[in-house]
Amino acid sequence: VSRTTMVGIFEQLKAEGFVVSGHGSGTYVCRINVEQVAIDLSIQNISAHVSNLQSSTPLPGELKLSTRGTYLDQAPLNRYGKGQPFSPGNKDDGLFPLNLWTRLQQRHLRAVKSGGLQARERGGLLALRNAIAEYLRVARGVRCEPEQVIITQGTNLSLDLVTRLLCDAGDCAWVESPCYWPAAFICSANGLALHPVDVDEEGMAPPGYSAVSSMPTDPSPRLVYLTPSHQFPLGGVMPIGRRMAWLDFARQRDCMLVEDDYDSEYRFSGAPIPSLQGLDTHGRVIYLGTFSKTLFAGIRIAFAVVPQTLVRSFSEAASYLYHDGDLVQQAVLADFIRDGHYAAHLRRTRVVYGERRTALTSALQRMLPDAFNDGRIRFSGAEAGVHLTMLLPIDVDDVAIAKAAGVAGVTAIPLSAYCIGQPRSGLVFSYAATPPQEIQMLAQRLGETIRTALTKKTSANSVKLSPKEKKANLI
Ligand SMILES: Cc1ncc(COP(=O)(O)O)c(C=O)c1O
């Protein structure tokens, strides 16, 4: 064995703490508890060890999950298929102008070498905040200056920031029911008490505005989570009167409205719905937006538009908590928006997704003509977004249909999984990634599954979340 090999071996043993050496005094073996390190690192042994770990649930006592961890682990939506057609978050990545993006990216990567992309501004790259502010003013009627736009790596993180900065543990958050599940989870995870408010076809109403039975009036919320332009997942559009009533409510009760404007770029009929934030004259709305619906889910660029008085706190906290995100992608996106490519991409995808939505609605109507005609089933909400919600009679087991659909190779999320207030039955399909021919074929399978379920209705109680799941939903 050569000297170099031996020196290498000793260096390695020293680095791993098996031997120590002092200058001029030789090398000595360390005192080690042999049993702790006597692991046979042969391939067979490693795989046996791994499968042992996997099969040894529950975890050893000291590795127990927290209450929040258990809640997340058992989250109803974790059970429904990923990777199948109509799965949430699926978008047609083939429509994305990859060559153009790559060219822009190369240009900005070169700037990294000259130090041109070092994090300087807290809250995200100023060029992107400029581009987003300009876009929001024109396209969404949002009133904002670039510094009010705080870049995050997703709506979850935007909401995380909002709840951490504005709420204390034990404060109350009013959330829609049905609700975008991660929004409710993040409020819970940050210690807020959830008060679900059942929505109607115009979204969530403030107290006294409509006779919604489960409307809480106490405790006062610190934060109200709303999707006013396209309620998720029912698709209702909140009318102007209700919007103004929420703004009055927020002022009177000293709370913040969080407007999640996640998919307003895709409206297939009627004029665009301007934002709630644009009506606010008292700094009571935090507006959340994302690029994961319009570009691709993996881009992980989203933003919160905060009132001027909160700009410093939000931009500094975002920077401390999550750093400033991927500045290369932010620079690329800034060019992409500023040079008109984003608007062009939206125009193109709006047409394609609109055709796919029509393909799905007409195929399902063809498959289930009687149930549509006699009103047992119907589509919910405005013609917008990249998901379609179908309402079922309350005594139809949407969970069972979703499971059967999963077995047939197509994902349908049961509406009941999103409900933390009054139970409802229905199915949610995310259709944007699926071409029309495939939609026809999948709608056929769905149609057969739904028809079978409609003919053998089960009791409403057996279909909803168990009391344990319900409690977990509201930790
Ligand atoms: C209501 C709602 N908000 C936000 C998002 C997007 O979240 P993110 O920015 O983390 O991708 C989605 C995506 O499905 C959504 O349905």
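Atoms within a ligand are numbered from 1 in the order they appear, just like the ligands themselves. Residue numbers start at 1 and run along the sequence shown.
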Tell me the protein heavy atom at minimum distance from atom 11 (O) of ligand 1, and give that distance in Å. Ser292 OG, 2.5 Å
Any idea which protein heavy atom is nearest atom 3 (N) of ligand 1, and the distance to it? Asp260 OD2, 2.6 Å
Nearest-contact summary for atom 14 (O) of ligand 1 - protein heavy atom, Å: Lys293 NZ, 3.1 Å
Count the heavy atoms of every other residue, nucleotide or ligand shown that sit under 6.0 Å from CZ of Arg451, and state whether that count exceeds 12. yes
Of Leu159, Asp261, Leu161, which is the lone residue that meets side-chain contact (heavy atoms from CB on, under 4.5 Å) with Leu288? Leu159
Can you sort out which atoms of ligand 1 are near Phe232, meaning under 4.0 Å from one of its heavy atoms? 1 (C), 16 (O)
Could you check whether Ser275 and Arg140, counting side-chain N and O atoms only, form a donor-acceptor pair closer than 3.5 Å? no
Is His387 close enough to touch ligand 1? Criterion: a residue heavy atom under 4.0 Å from a ligand atom. no
Where does Arg300 meet ligand 1, judged by heavy-atom distances below 4.0 Å: at the side chain, the backbone, both, or neither? side chain
Ion pair check, Glu448 and Arg445, cut-off under 4.0 Å: no
Taking atom 9 (O) of ligand 1 as the reference point, the nearest protein heavy atom with its distance: Thr290 OG1, 2.6 Å
Residues Asp398 and Arg424 bridged, charged N to O under 4.0 Å: no
Yes or no on salt bridge (Lys or Arg N to Asp or Glu O under 4.0 Å) for Arg68 and Asp73, after CA distance, side-chain angles and deciding distance? CA-CA 8 Å; Arg68 279 199 298 257; Asp73 202 42; over 6 Å; no
Checking contacts here: is it the side chain or the backbone of Thr155 that comes within 4.0 Å of ligand 1, counting heavy atoms only? Could be both or neither. both
For atom 15 (C) of ligand 1, what's the nearest protein heavy atom and its distance? Tyr180 CE1, 3.2 Å
